[in-house]
J.: 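Sharing a structure with you now.
Protein chains get the first letters and strands the later ones, always in sequence-line order, with residue 1 at the start of each.
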Number of protein chains: 2
Amino acid sequence: MLQIKRPSIVDVAELAKVSKQTVSRVINESPNVSEKTRQRVLQAIEALGFRRSELARNFSQGRTHSLGVVGRDLNYFGTRTYIGIARQAEALGYSLLLKELPESGIEQIEPMLNALLDRHVDGILWAVPEIADNHAWLDSGLLARIPVPMVFLSMAPRQEATVVAYDNFAGGELATRYLLDCGRKHIGHIAGPQEWWDASERQRGWETTLQQAGMKVLPEHVAMGNWDAASGEAAFHRLLASYPALDAVFVANDKMALGVLLAAHEKGLRIPEDLAVIGFDDITESAYFHPPLTTIFQDKAALGQQAVKTLAHRIEQKFQPAVQHVLESTPLTHQLIVRKTTPAGVIKT
Amino acid sequence: MLQIKRPSIVDVAELAKVSKQTVSRVINESPNVSEKTRQRVLQAIEALGFRRSELARNFSQGRTHSLGVVGRDLNYFGTRTYIGIARQAEALGYSLLLKELPESGIEQIEPMLNALLDRHVDGILWAVPEIADNHAWLDSGLLARIPVPMVFLSMAPRQEATVVAYDNFAGGELATRYLLDCGRKHIGHIAGPQEWWDASERQRGWETTLQQAGMKVLPEHVAMGNWDAASGEAAFHRLLASYPALDAVFVANDKMALGVLLAAHEKGLRIPEDLAVIGFDDITESAYFHPPLTTIFQDKAALGQQAVKTLAHRIEQKFQPAVQHVLESTPLTHQLIVRKTTPAGVIKT
DNA sequence: ACACCAACTGTTACCGGTAACAATAAATAT
DNA sequence: ATATTTATTGTTACCGGTAACAGTTGGTGT
């Protein structure tokens with residue numbers, strides 16, 4: 001059961017009868033190696049099955065070609081986002097070191113960041129949704145003490161931080177304007193938890209659009225849920241009670257919209273005739289809701305991708321300030337997906 | 001913009017006027033340090049804000065206290081599973097290095113494993129669903145050349161491999177037996193893709209249960225989907241055409257069940273009176289389907305947790321063969337969640 | 001008072017690469 | 001033919017810890 005030691009650069013050097021530095025040059029494709037020795041070294045590498053230890057290389061260079069990703073639950077930050085992150089990181093030659101921030105939270109933040117820094121990640125991607133003041137630590141000066149570039153996913157813009165995010169305000173506008181285009185006059189909103197930045201932005205988009213259309217927006221025109229289908233159902237009952245004239249509702253995410261559809265059925269409301277519904281997210285199931293849900297789509301994979309690109313860009317700048325790196329950016333804009341919970345034959349303005 | 005160098009163990013040693021070895025002893029809580037020097041060292045650590053470089057430690061020890069996780073899409077392997085993995089890894093002091101195996105697949109496997117080994121992960125968790133022969137590489141002898149413990153998530157048992165999985169066969173039995181208990185006589189199945197191990201196991205559970213109940217199982221009693229809601233809808237139409245007597249259906253996952261519900265509505269079938277439906281997975285939305293879906297639950301978080309425990313156990317065995325490590329295992333059993341797509345008042349046998 | 005042991009601390013080497021600089025050999029200029 | 005480049009290769013130090021072994025000190029037994 002003897003574990004055979006991985007061959008090291010020295011083993012290769014001995015076999016090829018060169019110094020280990022020359023081997024290093026070969027594996028790093030330095031041009032200053034004669035073709036003859038290069039071949040000899042390559043042969044030795046082949047013969048021994050040598051592979052460079054990234055661990056050793058990382059240690060010696062002081063950089064690890066890896067990104068720390070701090071997430072919460074993945075649920076929010078989302079499978080699609082994660083795929084975008086993973087693919088882009090791979091494409092740019094970075095590994096991902098993942099950490100889950102537990103609910104409890106605040107006092108875990110510094111240890112978590114330290115754990116990543118102790119492993120010398122080249123950069124950190126903060127993929128925790130902004131809820132209440134859980135980003136308040138940014139004001140504590142902690143950020144300034146972090147010696148690697150950091151990028152934040154989907155949070156309110158801040159002076160000191162690099163943020164990659166969708167404009168949820170615009171998304172809310174888009175949804176609400178479409179309901180107006182449908183000719184609806186009483187457009188309610190089922191919001192996500194107010195403490196969530198994304199939720200309050202969507203709500204602000206709804207509110208602003210209605211006001212610009214000359215409509216009054218009253219507190220009883222909104223009900224709040226917690227993103228879950230169950231809460232959407234409950235919120236809809238409350239909303240209908242406080243706003244009986246309701247003829248359309250913009251729901252802050254598709255899951256809650258599912259609950260709304262169920263509740264509306266129970267109340268005997270016809271959709272979309274009596275009530276138009278528009279969701280947010282375009283989860284894969286929403287095309288199979290009953291009826292299929294009109295919703296707002298945001299390309300989460302592109303979001304993750306863009307975040308990694310941005311982070312990598314800042315890292316390269318740091319390690320090779322001389323070289324001009326290009327940052328190609330993907331536009332992040334919402335898309336309206338019209339299905340059956342809004343009336344047919346609407347002309348979009 | 002000068003980057004201040006992280007203090008190293010040597011800086012601490014100088015400040016505390018001891019050798020760096022003594023500092024090492026202090027941070028590793030060796031008992032052989034006098035209280036007086038310990039305090040002096042701790043003070044120096046505090047003063048400098050020293051933190052041990054895990055990178056250096058990993059390098060010097062030849063182990064990284066990290067697990068390589070190879071996944072596909074997360075979609076399948078699932079958010080819940082991932083949470084279980086992350087939490088358990090954190091609890092046991094392991095970091096996670098994540099890799100995404102692209103669809104293309106096979107020829108990517110060896111490079112991917114090598115990438116992990118180059119970074120000296122202590123163990124590898126293979127979280128790619130078994131589809132068709134995508135696990136055939138296990139027979140190539142590659143596995144034997146991997147110098148670290150490896151654990152496979154949810155695949156067919158194999159001689160040479162450590163597998164942590166739910167018994168999907170038993171899950172299929174559980175679902176089907178319940179439909180029998182409901183008094184149904186014509187129980188069809190909407191299967192996942194046959195190439196998926198999980199799917200074929202669930203189907204086998206269905207088939208076996210019916211046969212044991214003395215019923216005939218014909219090919220036209222099954223239709224196959226691809227896990228998506230859309231495919232569930234289509235499959236149901238086909239199934240109904242080929243098996244008109246159908247009075248119950250076991251659907252291999254909840255998403256397809258969603259499509260089935262939609263299709264059944266279109267056909268004017270009452271649920272559960274005309275058709276009983278049972279899904280699989282218990283995704284959060286299924287409680288809000290129309291009507292709420294009866295389904296089979298498996299605790300995916302426990303699955304991920306168990307996989308990490310198993311892997312960690314094997315790693316510890318390897319690094320400290322002398323110590324007897326205990327492996328506490330969580331039982332992985334399915335649970336029947338009865339909602340409204342099956343008739344009320346059934347006595348479970 | 002002397003040998004011996006325990007408790008504590010220090011020395012040296014090593015993990016596997018890379019960086020910076022030095023040395024040698026071959027090629028070109030004068 | 002000699003000085004000077006240029007191309008190629010080797011030497012040495014270093015990254016920040018840990019392991020193995022070697023001292024040093026003080027207390028104890030006789």
J.: Mind checking salt bridge (Lys or Arg N to Asp or Glu O under 4.0 Å) for Arg38(B) and listing every partner two or more places apart, or none if nothing turns up?
T.: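 Per chain and number, Arg38(B) pairs via salt bridge (Lys or Arg N to Asp or Glu O under 4.0 Å) with Glu35(B).
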J.: Output all residues satisfying side-chain contact (heavy atoms from CB on, under 4.5 Å) with Ser34(A), sequence neighbours left out; order by chain, then residue number.
T.: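 Applying side-chain contact (heavy atoms from CB on, under 4.5 Å) to Ser34(A) gives Lys36(A), Thr37(A).
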J.: Arg87(A): what forms a side chain to side chain donor-acceptor pair (under 3.5 Å) with it, not counting sequence neighbours?
T.: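 Listed in chain order: nothing, the list is empty.
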J.: Atom CD1 in Ile315(A), atom NE2 in His65(A): separation rounded to 0.5 Å?
T.: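 Answer rounded to 0.5 Å: 10.0 Å.
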J.: Which nucleotide span of DNA chain C, 5' end to 3' end, has atoms closer than 4.0 Å to non-hydrogen atoms of chain A?
T.: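 For DNA chain C, the relevant span reads dG16(C) to dA20(C).
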J.: With sequence neighbours excluded, tell me which residues meet side chain to side chain donor-acceptor pair (under 3.5 Å) with Lys309(B).
T.: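 Here the qualifying residues are Thr330(B).
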J.: So, the side chain of Arg72(B) versus the backbone of Ala127(B): is there a donor-acceptor pair under 3.5 Å, distance only?
T.: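 Checking the backbone N and O of Ala127(B) against the side chain of Arg72(B), no donor-acceptor pair under 3.5 Å is found.
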J.: Heavy-atom contacts under 4.0 Å between residues 10-23 of chain A and DNA chain D, which residues?
T.: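 Hits under 4.0 Å, by residue number: Val18(A), Ser19(A), Gln21(A), Thr22(A).
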J.: Can you list every salt bridge (charged side-chain N to carboxylate O under 4.0 Å, His left out) pair that touches residues 149-158 of chain A, not counting sequence neighbours?
T.: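 Qualifying pairs: Asp139(A)-Arg158(A).
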J.: If the condition is salt bridge (Lys or Arg N to Asp or Glu O under 4.0 Å), which residues does Asp299(B) pass it with, not counting sequence neighbours?
T.: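 Asp299(B): no salt bridge (Lys or Arg N to Asp or Glu O under 4.0 Å) contacts found.
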J.: Return yes if a side-chain donor-acceptor contact under 3.5 Å exists between Arg119(B) and Thr64(B), otherwise no.
T.: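 No.
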J.: Test of understanding: with side chain to side chain donor-acceptor pair (under 3.5 Å), list the residues that count as partners of Ser30(B), not counting sequence neighbours.
T.: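 Result, side chain to side chain donor-acceptor pair (under 3.5 Å) vs Ser30(B): none returned.
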J.: Quick one: list whatever passes side chain to side chain donor-acceptor pair (under 3.5 Å) with Ser60(B), sequence neighbours left out.
T.: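 Counting only residues at least two positions away or on another chain, Ser60(B) forms no side chain to side chain donor-acceptor pair (under 3.5 Å).
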J.: Please state whether the rings of Trp126(A) and His135(A) are parallel, tilted or perpendicular, taking 30° and 60° as the class boundaries.
T.: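 Judged by the thresholds at 30° and 60°, the geometry between Trp126(A) and His135(A) is perpendicular.
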J.: End-to-end bend of the helix from dA1(C)-dT30(D) to dT30(C)-dA1(D) (five-pair axes, 10° rounding)?
T.: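 Axis-to-axis angle, ends of the helix: 50°.
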J.: What are the residues of residues 31-64 of chain A, sorted by number, that bring a heavy atom to within less than 4.0 Å of DNA chain D?
T.: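 Only Asn32(A), Val33(A), Ser34(A), Thr37(A), Phe59(A), Ser60(A) qualify.
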